[in-house]
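So the structure is just underneath, and the comments pick up after that.
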Amino acid sequence: MEAMLKNVTSTVELLAVAAQSGAVEQWDKQTLSRAFDWARYCEHVFSKFHNVPTVRRIMETQLQLTNQGLQAALPGYTEISFSDLSRCQHLLLVGLLNNPELPSKIMEILFDITSNGNSKNCEYPDVTGLCSRIIQYKSARQVLSPLADLSAVGADAAVQGVMLMERLGALLSQGSEVCQIEHFLDSVLLGCEEAAQHFCLVIAAALLTPKNSTASHDFLLDWLQKKDSMLQHMYSALPTRLLKDVAKEHLKFRDAYCDVLKKWASEMEYSINDRVWVQPSSTTTVSFQKLTEHFLSLFEACPSLKEDVEKELSALKTSDGDFDVRGLSVWGDLLTALKK
């Protein structure tokens, strides 16, 4: 019992350090992995003893003493109750994400989505795999917009999207410089070059988190619009139903989506042999049929947009000569396809 009380006390102190101390600047992957080990240990203690009154009373008394000491040492410290032990991994993760002193090397580990929890050759347990299970007390359905098609996002991307917004919210609330926050996003993107498809899902999941994180959404969208190639990859790689969900939620995303679709159309050339509009091999490969599907999905998400876009396409068709012969104007053929 004495050893267990000591271990729980040490873990609660560890949670406080993770959330509020600059000591995390010295953490490495080994430290991080061991921290999650101790957090899981406390969850096991709760699971084993929460229905044992005598042990629970002793633990609660010890926690009260530990909390008093930490409150005296760390202004703003939040007490840890016995029931909180059941979600220690979550408390550890959220504490780290909200700590302004968390170094980029630890952020890169937490957001290492290239391994997807499948790292087999690491000396220490894969932290990404641990993080994918941390927010189990909240279902992904609860943390994403009710409009979201969860099956199109996936559980891992949903969790990482929540983590991303948690960190963005923390950085914004702490008054961090714009360049510092953009550096964080750039470093996450840089670390995900080999998993661009998954990163697109993470961004979509982040944008489908509840509206109470509007400032974080706006910052993420502004940053994304500066990454033209990433934005185009996102529109071409993600399912149209998922893009539709995000477009319903965010005007900036919708407008950028529409602009990219018009850009793709403008790049198309008519293949006389195949009798179809195609994109040059040097650009994003999106078929004319897929382009039409994107527009129709966007109109379904934002019905008010349809009339304005059709007027714009009509004007572009007119500038091409206003011919009704197939293959002479991509805008005319696109209008015909959209009105079928």
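- A distance of 12.5 Å separates NZ of Lys339 from CG of Leu296, quoted to the nearest 0.5 Å.
- With Ser236 contributing its side chain and His233 its backbone, the two residues share a donor-acceptor pair below 3.5 Å.
- Atom CG of Leu243 and atom NZ of Lys248 lie 12.5 Å apart (nearest 0.5 Å).
- Judged by distance alone, the side chain of Thr209 and the main-chain N or O of Ala205 form no donor-acceptor pair under 3.5 Å.
- Of the possible donor and acceptor atoms, one in the side chain of His50 sits under 3.5 Å from a partner among the backbone N and O of Ser47.
- Two residues are said to be in side-chain contact when any heavy atoms from C-beta on lie closer than 4.5 Å; Leu224 and Leu220 fail this criterion.
- Taking the side chain as every heavy atom from C-beta outward, Gln160 and Phe199 never approach each other to under 4.5 Å.
- Under a 3.5 Å cut-off, the side chain of Ser176 and the backbone N or O of Leu172 do not form any donor-acceptor pair.
- Under 4.0 Å is where a charged nitrogen must lie from a carboxylate oxygen, and between Asp84 and Arg87 at least one such pair does.
- Looking at Asp37 and Arg34, no side-chain N of the basic residue comes within less than 4.0 Å of a carboxylate O on the acidic one, giving no salt bridge.
- Checked by atom type and distance alone, the side chain of Gln89 never pairs as donor or acceptor with a backbone atom of Phe36 at under 3.5 Å.
- Gln232 and Asp228 share a donor-acceptor pair across their side chains, judged by distance under 3.5 Å alone.
- Residues Leu63 and Ser81 form no side-chain contact, since every pair of their non-hydrogen atoms from C-beta on lies 4.5 Å or further apart.
- Note: Tyr41 and Phe46 fail the aromatic proximity criterion, with ring centroids not under 6.0 Å apart.
- The distance from atom CD of Gln71 to atom CD of Gln68, rounded to the nearest 0.5 Å, is 7.5 Å.
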Exercise for review: Could you please spell out the steps behind the side chain to side chain contact (heavy atoms under 4.5 Å, CB included) verdict for Thr318 and Trp331?
Suggested key: CA-CA 9 Å; Thr318 300; Trp331 311 113; over 6 Å; no
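- Leu171 CG to Phe184 CZ: the interatomic distance, rounded to the nearest 0.5 Å, is 6.5 Å.
- Using a 4.0 Å cut-off between charged side-chain N and carboxylate O, Glu293 and Lys290 make a salt bridge.
- Taking the side chain as every heavy atom from C-beta outward, Arg167 and Leu102 approach each other to under 4.5 Å.
- Other residues, nucleotides and ligands place no more than 12 heavy atoms under 6.0 Å from the NZ atom of Lys306.
- In this structure, Met4 CE and His44 NE2 are separated by 9.5 Å, a value rounded to the nearest 0.5 Å.
- A salt bridge is defined here as a Lys NZ or Arg NE, NH1 or NH2 lying under 4.0 Å from an Asp or Glu carboxylate O, and Asp308 with Lys311 fails to meet this definition.
- Taking the side chain as every heavy atom from C-beta outward, Ile106 and Thr31 never approach each other to under 4.5 Å.
- Although no hydrogens or angles enter the test, the distance criterion places no donor-acceptor pair under 3.5 Å between the side chain of Tyr270 and the main chain of Trp277.
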Check your understanding: Would His250 and Leu207 satisfy side chain to side chain contact (heavy atoms under 4.5 Å, CB included), going step by step from the backbone distance to the final call?
Key -> CA-CA 8 Å; His250 300 287; Leu207 292 172; 3.9 Å; yes
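- Between the side chain of Glu166 and the main chain of Leu97, no donor-acceptor pair closer than 3.5 Å is present.
- When each of Arg57, Gln62, Arg56 is checked for a side-chain hydrogen bond (donor to acceptor under 3.5 Å, both in side chains) with Glu60, only Arg56 meets the rule.
- One distance of note links CD1 of Ile80 with CD of Gln64; it measures 14.5 Å at 0.5 Å rounding.
- In this structure the side chain of Ser287 never reaches within 4.5 angstrom of the side chain of Val278, judged on heavy atoms.
- Residues Trp38 and Leu92 have side chains not in contact (no heavy-atom distance under 4.5 Å, counting atoms from C-beta outward).
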Exercise for review: Take Asp324 and Lys317 through the test side chain to side chain contact (heavy atoms under 4.5 Å, CB included) and record every step on the way to the result.
Suggested key: CA-CA 9 Å; Asp324 290 321; Lys317 176 192 172 187; 2.5 Å; yes
Point to revise | CA sep, side-chain torsions, deciding dist, call: Glu182, Val178, side chain to side chain contact (heavy atoms under 4.5 Å, CB included) | key: CA-CA 6 Å; Glu182 288 185 338; Val178 170; 3.8 Å; yes
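- Within the 3.5 Å criterion, the main-chain N or O of Gln30 finds a donor-acceptor partner in the side chain of Asp28.
- Under a 3.5 Å cut-off, the side chain of Asn98 and the backbone N or O of Ala170 do not form any donor-acceptor pair.
- Salt-bridge annotation for Arg254 and Glu249: absent, with no side-chain N of the basic residue lying under 4.0 Å from a carboxylate O of the acidic one.
- Between Glu2 and Lys6, no side-chain nitrogen of the basic residue sits less than 4.0 Å from a carboxylate oxygen of the acidic one, so the salt-bridge criterion is not met.
- Although no hydrogens or angles enter the test, the distance criterion places a donor-acceptor pair under 3.5 Å between the side chain of Asn99 and the main chain of Ser21.
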